[in-house]
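Below is one structure, written out as structure tokens; the observations come after it.
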Amino acid sequence: RNPFNIDDAYLFESELSEDDKMIMETARDYAQSKLEPRALKGNQEEIFDMEIAKEMGDLGLLGATIDPKYGGVGASQTAYGLVAREVERVDSGYRSFMSVQSSLVMYPISIFGTEDQKQRFLPRLATGEIIGCFGLTEPDHGSDPGSMVTTAVKTDGGWIMNGAKMWITNSPISDVAVVWAKAKEHKDDKPVIRGFLVEKGMDGFSAPVTHNKMSLRASSTGELVFEDVFIPDENVFPDIRGLKGPFMCLNSARYGIAWGAVGAAEFCYQKARQYVLDRKQFGKPIAANQLPQTKLANMLTDITSMQMLAWRLGKLKDEGRDHPSMTSLAKRNNVGKALEIARVARDMHGGNGITGEYRVIHHMVNLESVNTYEGTYDIHGLILGREITGIQAFTPKG
Ligand code: TGC
Ligand code: FAD
């Protein structure tokens, strides 16, 4: 008989290329040696250590898929996903930082930006010298970003922006914000969604912190407020129009999340396994009972299917054969399953599962945010439902 690997049951890691494996191992070593020791305090005291950006940048973990000409390492989509898995094994908040910088800031600049915008921003984003954020959600428009009310009106040499974005990862610590707003070139034009690069220090622009989060506490979250902010023409993406712009970025970030959720789930499963092996009740290890064993079997089954989905989607992306609905399926399934696994693992730790030290409850509450952002579990269900039936169920018009 061949040996059975209880962490990689279908041996997907053995299918990785040497380059992808090397990047995965770099990310794993970094996450375990530098992020893990910060995680408990970071969560309890709401600290995002700014050194993390530079450390990730030094290792090529920011915008890894971007062309080396602009500071990336030209890594595969699979490698990008593997990095997200290692970082989220420690804390979804650190993965959020990395996803936003890579998929929601560097990626749009690299595909929608002018040569000048790429040169100005990408190399410094890649090293972590500057930090970016992505503003799509508004206080009254979350799942339905097409109804956004933030506006940008043309004026001499640029645009005047008014409005507000909410729930923006990295906003309080950002140097540049990729902001999606309804733009009007002429008074009577129909507004069209366009992307703007709003820089820290621009008059009328502020980024207040969101307080009292009970989840993703090591991630800095805030608003973006625009009061007659002048944005020069050189800070506008020239050609991209409509929701397709932000959604293309979300395809990349949602894919990374599908991998990240694998890391969080693996952490919770491994902790639960060790706990029930070590702890004795009724004179025997808790692991010697049938219920804990089937709970672990369910976790491994779900984790294996999550690994298969993420790995296969990465390959399809690398081959240019992916579809956004594949990403919806993987994001929805993997985060939903990771959340279930974290809740069961929390229960298997009994009272100790309530404390921060075991860090399972930390993953559990983080995953509540991950299940909500970048399209909620139900919204991705509706995206898939529309694909399957051909009927749009978001709005009454069908
Ligand atoms: P709909 O009519 O479906 O589409 C409008 C236009 O967009 C195009 N499109 C896509 N293009 C590329 N990729 C995709 N995934 C696309 N989905 C749609 C579509 O083809 C169409 O183009 P065109 O040229 O015909 O105009 O638009 P809708 O308004 O009906 O959309 C509904 C819905 C629910 C699918 C969508 O609005 C949605 O996905 N809502 C969820 C909102 C969301 O995900 N927000 C994320 C905010 S960012 C964030 O959460 C970051 S957290 C980061 C972290 O900390 O890690
Ligand atoms: P709503 O859209 O109001 O939804 C509330 C509930 O109603 C959900 O359960 C939803 O599934 C359900 N619902 C809504 N519409 C329908 C429907 N038609 N049919 C059935 N059910 C429906 N946004 C950014 O732009 N940038 C960021 O960096 C960012 N970071 C975030 C970080 C955190 C920690 C969090 C929590 C959010 C972040 N977001 C960010 C925002 C996130 O994308 C939104 O919260 C998410 O898209 C949901 O929008 P909402 O909160 O307005 O909820």
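We count ligands from 1, going down the list as the structure has it; atoms in each ligand are counted the same way. We number each residue from 1, following the sequence as shown.
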Minimum-distance protein heavy atom relative to [atom]:
| atom | result |
| --- | --- |
| atom 32 (C) of ligand 2 | Thr169 OG1, 3.3 Å |
| atom 16 (C) of ligand 2 | Ile379 CD1, 4.0 Å |
| atom 45 (O) of ligand 2 | Thr372 CG2, 3.8 Å |
| atom 52 (O) of ligand 2 | Gly142 CA, 3.2 Å |
| atom 41 (C) of ligand 2 | Thr137 OG1, 3.3 Å |
| atom 14 (C) of ligand 2 | Ser143 OG, 3.8 Å |
| atom 11 (O) of ligand 2 | Thr376 OG1, 2.7 Å |

Counting from 1, what ligand 2 atoms have a heavy atom of [X] closer than 4.0 Å?
| X | answer |
| --- | --- |
| Glu374 | 43 (O) |
| Phe134 | 24 (C), 25 (O), 26 (N), 27 (C), 28 (O) |
| Leu216 | 34 (C) |

Would you say [atom] has a protein heavy atom nearer than 4.0 Å?
| atom | result |
| --- | --- |
| atom 26 (N) of ligand 2 | yes |
| atom 3 (O) of ligand 2 | no |
| atom 21 (N) of ligand 2 | no |

What are the polar N/O contacts of ligand 1 with the protein below 3.5 Å, with distances?
{"unit_1": "ligand 1", "atom_1": "3 (O)", "unit_2": "Arg386", "atom_2": "NH1", "d": "3.0"}
{"unit_1": "ligand 1", "atom_1": "3 (O)", "unit_2": "Arg386", "atom_2": "NH2", "d": "3.0"}
{"unit_1": "ligand 1", "atom_1": "13 (N)", "unit_2": "Asn251", "atom_2": "ND2", "d": "2.9"}
{"unit_1": "ligand 1", "atom_1": "15 (N)", "unit_2": "Asn251", "atom_2": "OD1", "d": "2.8"}
{"unit_1": "ligand 1", "atom_1": "30 (O)", "unit_2": "Gln392", "atom_2": "NE2", "d": "3.4"}
{"unit_1": "ligand 1", "atom_1": "37 (O)", "unit_2": "Ser143", "atom_2": "O", "d": "3.3"}
{"unit_1": "ligand 1", "atom_1": "39 (O)", "unit_2": "Arg254", "atom_2": "NH2", "d": "3.1"}
{"unit_1": "ligand 1", "atom_1": "40 (N)", "unit_2": "Ser143", "atom_2": "O", "d": "2.9"}
{"unit_1": "ligand 1", "atom_1": "44 (O)", "unit_2": "Arg254", "atom_2": "NH2", "d": "2.7"}
{"unit_1": "ligand 1", "atom_1": "44 (O)", "unit_2": "Gly375", "atom_2": "N", "d": "2.9"}
{"unit_1": "ligand 1", "atom_1": "50 (O)", "unit_2": "Glu374", "atom_2": "N", "d": "2.9"}
{"unit_1": "ligand 1", "atom_1": "55 (O)", "unit_2": "Ser96", "atom_2": "OG", "d": "3.1"}
{"unit_1": "ligand 1", "atom_1": "55 (O)", "unit_2": "Thr169", "atom_2": "OG1", "d": "2.8"}
{"unit_1": "ligand 1", "atom_1": "56 (O)", "unit_2": "Arg95", "atom_2": "NH1", "d": "3.2"}
{"unit_1": "ligand 1", "atom_1": "56 (O)", "unit_2": "Ser96", "atom_2": "OG", "d": "3.4"}
{"unit_1": "ligand 1", "atom_1": "56 (O)", "unit_2": "Tyr373", "atom_2": "OH", "d": "3.3"}

Just by modelled atom types, is the Asp8 backbone N or O under 3.5 Å from a matching donor or acceptor in the Gln307 side chain?
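No, because the side chain of Gln307 does not come within donor-acceptor range (under 3.5 Å) of the backbone of Asp8.
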
With the 4.5 Å side-chain cut-off for hydrophobic clustering, are Met50 and Leu35 part of the same group?
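Yes, because Met50 and Leu35 connect within a single hydrophobic cluster, where side-chain heavy atoms sit under 4.5 Å apart.
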
For atom 30 (N) of ligand 2, which of the options Trp167, Trp180, Phe394 provides the nearest non-hydrogen atom?
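Residue with the shortest heavy-atom distance to the ligand atom: Trp167.
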
